[in-house]
Amino acid sequence: MEKKKYKILFVCLGNICRSPAANGIMEDMIKERGLADRFEIDSAGTYGGHSGSLPDNRMRAHAAKRGYKLTHHSRQVHPSDFEEFDLIVAMDDRNFANLKALAPDLESEAKICRMMDYSTTGTYDHVPDPYYSGADGFELVLDLLEDSCRNMLDSLNDK
Ligand code: 4NP
């Protein structure tokens, strides 16, 4: 029988910058390592105002320069996500607190972690919101996500 896939949900505010970038980066890393049969990735936002939209043009352009094609369409976090996913990864403290408040029970709450729990650089405790930033903000998001996705995949793959 096929082993059940380990499902990871990346969560930010609008699901048009940080979490769809994490989604795309992680999917590429999983494919590169030949692990597509073991992991499934999705992303969502705590705010639903951008639902249905592709990632922000700036995020897509910066990601494309590094070879990532971001095709996720924004959606809001849904209560069923807490049952569906094994790991729910918040980009910052606000997303973390919102997810904790939405979690229907203790088992669901235990699935929530922070993206920067997996950082190897120790320079940031959250992934800064790039929405009102310049180009540097988007490059920083990609730097932080590449590092923490790599480390997350290493640690989950060891289990
Ligand atoms: P994200 O960025 O949470 O990384 O997708 C933002 C997207 C939209 C808004 C803020 C942050 N907004 O205010 O609409």
Side-chain angles (χ1 to χ4, degrees), residues 6-31 39-104 108-153 155-156:
Y6 189 85
K7 297 180 77 168
I8 305 169
L9 181 70
F10 293 110
V11 177
C12 60
L13 176 62
N15 192 215
I16 55 168
C17 296
R18 294 165 291 175
S19 63
N23 194 336
I25 290 168
M26 195 58 139
E27 278 178 347
D28 278 12
M29 285 183 181
I30 284 166
K31 274 189 212 135
F39 293 97
E40 196 169 314
I41 310 300
D42 195 5
S43 60
T46 56
Y47 167 65
H50 296 280
S51 289
S53 299
L54 279 168
D56 184 283
N57 284 338
R58 298 163 295 171
M59 191 75 256
R60 283 160 68 198
H62 284 275
K65 282 198 295 178
R66 300 189 190 200
Y68 305 111
K69 193 171 177 206
L70 305 184
T71 57
H72 175 80
H73 289 262
S74 176
R75 72 168 179 90
Q76 192 167 17
V77 173
H78 189 270
S80 64
D81 290 327
F82 291 96
E83 206 177 311
E84 180 88 6
F85 289 89
D86 299 293
L87 190 65
I88 300 177
V89 188
M91 295 294 145
D92 63 27
D93 285 348
R94 186 173 163 200
N95 314 145
F96 186 81
N98 286 338
L99 285 166
K100 286 270 179 189
L102 284 171
S108 304
E109 259 194 68
K111 295 177 175 182
I112 305 166
C113 67
R114 291 178 172 84
M115 192 76 212
M116 288 300 99
D117 291 344
Y118 292 90
S119 169
T120 67
T121 64
T123 45
Y124 283 84
D125 64 0
H126 67 288
V127 184
D129 183 346
Y131 198 66
Y132 296 105
S133 77
D136 286 0
F138 287 88
E139 289 298 318
L140 173 64
V141 165
L142 291 168
D143 288 342
L144 293 173
L145 292 178
E146 283 181 334
D147 169 65
S148 48
C149 280
R150 193 176 301 115
N151 191 36
M152 180 185 287
L153 196 52
S155 59
L156 292 174

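Counting convention: from 1, in listed order, for ligands and their atoms alike.
- The shortest heavy-atom distance from H50 to ligand 1 is under 4.0 Å.
- The I16 neighbourhood of ligand 1 comprises atoms 5 (O), 7 (C), 8 (C), with distances under 4.0 Å to a heavy atom of that residue.
- Considering backbone and side-chain atoms alike, R18 places an N or O below 3.5 Å from some N or O of ligand 1.
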query = side chain to side chain donor-acceptor pair (under 3.5 Å) between H73 and N15: does it pass, once the steps are laid out?
reply = CA-CA 8 Å; H73 289 262; N15 192 215; over 6 Å; no
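- Annotation for ligand 1: atoms under 4.0 Å from non-hydrogen atoms of C17 are 1 (P), 2 (O), 4 (O), 5 (O).
- When the heavy atoms of F138, Y132, Y47 are ranked by distance to atom 13 (O) of ligand 1, first place goes to Y132.
- The nearest protein atom to atom 1 (P) of ligand 1, hydrogens excluded, is given as C12 SG, 3.5 Å; this is a heavy-atom distance.
- Between E84 and K111, none of the side-chain N atoms (NZ, or NE/NH1/NH2) sits under 4.0 Å from a carboxylate O, so this pair counts as no salt bridge.
- Only the backbone of N15 comes within 4.0 Å of ligand 1, judged by heavy-atom distances.
- More than 12 non-hydrogen atoms from other residues, nucleotides or ligands lie less than 6.0 angstrom from CZ of R66.
- Counting atoms of ligand 1 from 1 in the listed order, those under 4.0 Å from a heavy atom of L13 are 3 (O), 10 (C), 11 (C).
- Defined by atom type and a distance below 3.5 Å, a donor-acceptor pair is missing between the side-chain atoms of T120 and N151.
- For a threshold of 3.5 Å applied to N or O pairs, the pair formed by G14 and ligand 1 contains at least one separation below that value.
- The closest heavy-atom contact to atom 2 (O) of ligand 1, among the options V141, V11, D129, comes from D129.
- Neither side chain, H50 nor D56, offers a donor N or O lying under 3.5 Å from an acceptor on the other.
- For the residue pair D92/N95, the side-chain donor-acceptor check at 3.5 Å is satisfied.
- D81 is listed as a side-chain neighbour of R75, based on a closest heavy-atom distance under 4.5 Å.
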